[in-house]
Amino acid sequence: MSSIKKILITGGAGFIGSHVVRRIVNRYPDYMIFNLDKLTYAGNLENLKDIESASNYQFVKMDITDSDAINNLFETHQFDGVIHLAAESHVDRSISHPMEFVMTNVIGTVNLLNAAKNIWKDNFNGKVFYHVSTDEVYGELSDEGKFTETTPYSPNSPYSASKASSDHFVRAYHHTYGLPIKLSNCSNNYGSHHFPEKLIPLMINNIMNSKPLPVYGKGENVRDWLFVEDHASAIDLIFHEGKLGETFNIGGNNEWKNIDLVRLLCKMMDSKLGKAIGESEKLITYVGDRAGHDFRYAIDSSKLMQQLGWMPSVTFEQGLERTVDWYLANPEWLEHVTSGAYKEYYQNMYSKR
Ligand code: NAD
Ligand code: DAU
């Protein structure tokens with residue numbers, strides 16, 4: 001028997017997954033990391049160019065809804081741990097195409113749970129199934145309060161309902177079969193390699209191209225932003241040191257109204273692009289609101305900080321500046337992901353608002 005730990009990371013070609021894969025490949029040379037990804041519109045192997053030829057890394061193109069393929073893969077490699085990030089992740093797409101979210105986020109997760117249960121059933125010792133989830137499962141907040149690990153689930157969008165359902169299956173497999181699970185629920189991430197359908201990279205891309213900046217509703221909705229590398233460090237810590245069967249909330253303690261955040265980005269980018277301050281703000285365009293738009297998210301991460309000593313490593317200003325600098329330095333990445341299907345997506349999503 002090899003003593004090398006075999007870890008399966010799903011969704012590793014996506015935004016957060018690529019940061020998690022890079023971190024684990026670089027920090028744990030004695031692990032063998034398998035990155036399983038279907039490569040949907042959101043999956044991009046360009047995100048992993050710097051580690052693609054590492055000797056402890058292997059890419060597997062696979063769909064988690066294909067239970068036969070998943071079972072075979074688990075039987076072949078006998079993984080010691082799973083970090084599950086693969087998902088359909090964009091709320092607006094879930095409003096127009098909910099079934100894709102049911103298939104990948106619910107059925108796909110249950111396929112992985114079944115495969116892990118089947119190969120680990122004789123001995124759960126040392127095994128971990130870590131499910132990465134979202135704060136959106138808790139629903140929305142008004143002006144006061146924060147989500148804690150005991151906030152009741154109250155998902156409002158097809159996306160959050162599918163993630164809530166997957167969380168419930170993960171808990172149920174622990175309770176019923178004793179599967180060694182861990183779970184985390186994180187707030188909005190930002191950083192490099194973020195697909196420009198989400199607020200921050202979409203605004204950066206539009207400012208770079210002097211295109212209108214579509215703010216939903218009145219721009220009063222609030223999100224709690226966390227730098228993606230700090231999410232990856234939390235995942236690493238929880239995977240290795242979090243207690244089995246437990247949930248951890250992860251957040252940036254960093255709440256911003258959408259309109260204030262867009263204005264901050266405009267100012268930051270005007271100065272970096274050598275434009276007159278105020279020029280990009282003129283591009284702000286209020287558009288029709290998202291259906292069922294959650295008003296406010298805010299996360300209480302004190303359990304993770306107190307139990308495992310996690311702390312974010314950057315301030316929002318530092319993280320945002322690093323993010324903007326990365327997009328300005330990598331226009332070809334944006335060009336590749338916005339050619340083709342993105343144009344059609346953008347037209348469908350924004351022309352009717
Ligand atoms: P993403 O959309 O950027 O990446 C998702 C990845 O999953 C892509 O590489 C895609 O190809 C892959 N994938 C999708 N369907 C698949 C399938 N059927 N089989 C195999 N692979 C498939 O998403 P992200 O923003 O990086 O989010 C990753 C995870 O973190 C998700 O589970 C999401 O719910 C959760 N999360 C995201 C945020 C956030 O702010 N982005 C916050 C909290 C939690
Ligand atoms: O809270 C965690 C969640 O954060 C993750 O689980 C999701 O995967 C991730 O997509 C994100 O969901 P949001 O819906 O909060 O993120 P998004 O970037 O789509 O939108 C952020 C806010 O900005 C939200 O209030 C809607 C608004 N918005 C978004 C877009 C794309 C706009 O005003 N204009 C836009 O064009």
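Each ligand, and each atom within it, is numbered from 1 in the order the structure gives. Every heavy atom of this structure was used, including side-chain atoms; hydrogens, water molecules and symmetry mates were not. When a residue number appears, it is its place in the shown sequence, counting from 1.
Residue contact check for ligand 1: Ala13 places a non-hydrogen atom closer than 4.0 Å to it. Distances shorter than 4.0 angstrom do not occur between any heavy atom of Gly12 and any atom of ligand 1. The closest approach between Tyr190 and ligand 1 stays at or above 4.0 Å for every heavy atom of the residue. Note on ligand 1: His84 sits outside its first shell, no heavy atom being nearer than 4.0 Å. Close to ligand 1: Ser187, with a non-hydrogen atom less than 4.0 angstrom away.
Contact atoms of ligand 1 toward Cys186: 42 (C), 43 (C) (distance under 4.0 Å to a heavy atom of the residue). Contact atoms of ligand 1 toward Phe15: 3 (O), 25 (O), 26 (O) (distance under 4.0 Å to a heavy atom of the residue). Listed by atom number, the atoms of ligand 1 under 4.0 Å from Asn188 heavy atoms are 40 (O). Against a heavy-atom cut-off of under 4.0 Å, Met62 is close to the following atoms of ligand 1: 19 (N), 20 (C). Ligand 1 places these atoms under 4.0 Å from at least one heavy atom of Asp63: 17 (C), 18 (N), 19 (N). Close contacts between ligand 1 and Ser133 involve ligand atoms 43 (C), 44 (C) [criterion: under 4.0 Å to a heavy atom].
Remark: minimum distance from atom 8 (C) of ligand 1 to any protein heavy atom is reached at Asp37 OD2, 3.6 Å. Of all protein heavy atoms, the one lying nearest to atom 38 (C) of ligand 1 is Ile16 CD1, 3.5 Å.
Between Asn47 and Phe15, every side-chain heavy-atom pair lies at or beyond the 4.5 Å cut-off.
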Decide side-chain hydrogen bond (donor to acceptor under 3.5 Å, both in side chains) for Ser89 and Lys198; before the verdict, give the C-alpha distance in whole Å, the side-chain angles of both, and the deciding distance to 0.1 Å.
CA-CA 10 Å; Ser89 69; Lys198 309 281 169 62; 2.9 Å; yes
Working note: His240 + Tyr28, criterion ring-ring contact (aromatic ring centres under 6.0 Å, His included); need CA distance, chi angles, decisive distance, verdict.
CA-CA 12 Å; His240 287 96; Tyr28 304 98; 4.6 Å; yes
His19 and His193: CA distance, side-chain angles, deciding distance, ring-ring contact (aromatic ring centres under 6.0 Å, His included) verdict
CA-CA 9 Å; His19 285 276; His193 306 90; 5.6 Å; yes
What verdict does the salt bridge (Lys or Arg N to Asp or Glu O under 4.0 Å) test give for Asp30 and Lys5, after you've listed the backbone C-alpha separation in whole Å, the side-chain angles of each residue and the deciding distance to 0.1 Å?
CA-CA 7 Å; Asp30 52 335; Lys5 270 202 172 190; over 6 Å; no
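Side-chain N or O atoms of Tyr327 include one that pairs as donor or acceptor with a backbone N or O of His194 at under 3.5 Å.
Exactly one residue among Asn253, Asp224, Asn249 makes a side-chain hydrogen bond (donor to acceptor under 3.5 Å, both in side chains) with Lys146. That residue is Asn253. A ring pair (Phe, Tyr, Trp, His ring centres under 6.0 Å) with Phe79 is found for one member of Trp120, Phe34, Tyr31 and no other, namely Phe34.
Ring-plane geometry between Phe227 and Tyr190 is classed as tilted, the angle between the planes lying from 30 to 60 degrees on a 0 to 90 degree scale. Between Tyr153 and Tyr138, the two ring planes are perpendicular [angle over 60°; tilted spans 30° to 60°]. Aromatic ring orientation, Tyr350 versus Tyr216: tilted (interplanar angle from 30° to 60°).
Among Gly251, Ala87, Ala69, Ser89, the residue whose heavy atom lies closest to atom 14 (C) of ligand 1 is Ala87. Around atom 32 (O) of ligand 1, the closest heavy atom drawn from Glu88, Lys61, His193, Lys163 belongs to Lys163. Residue nearest to atom 29 (C) of ligand 1, selected from Leu85, Leu199, Thr134, Thr109: Leu85 (by heavy-atom distance).
Pairs engaging residues 253-263 under the salt bridge (Lys or Arg N to Asp or Glu O under 4.0 Å) rule: Glu220-Lys257, Glu255-Arg296, Arg263-Glu281 [sequence neighbours left out].
Figure legend: Lys182 and Tyr130 shown without cation-pi pairing, the cationic atom not lying both under 6.0 angstrom from the six-membered ring centre and within 45 degrees of its axis.
The 4.0 Å heavy-atom shell around ligand 2 contains residues Ser89, His90, Val91, Thr134, Asp135, Glu136, Tyr159, Cys186, Ser187, Asn188, Glu197, Lys198, Leu199, Leu202, Pro214, Val215, Tyr216, Asn221, Arg223, Asn258, Arg290, His293, Tyr297, Tyr350, ordered by chain and number.
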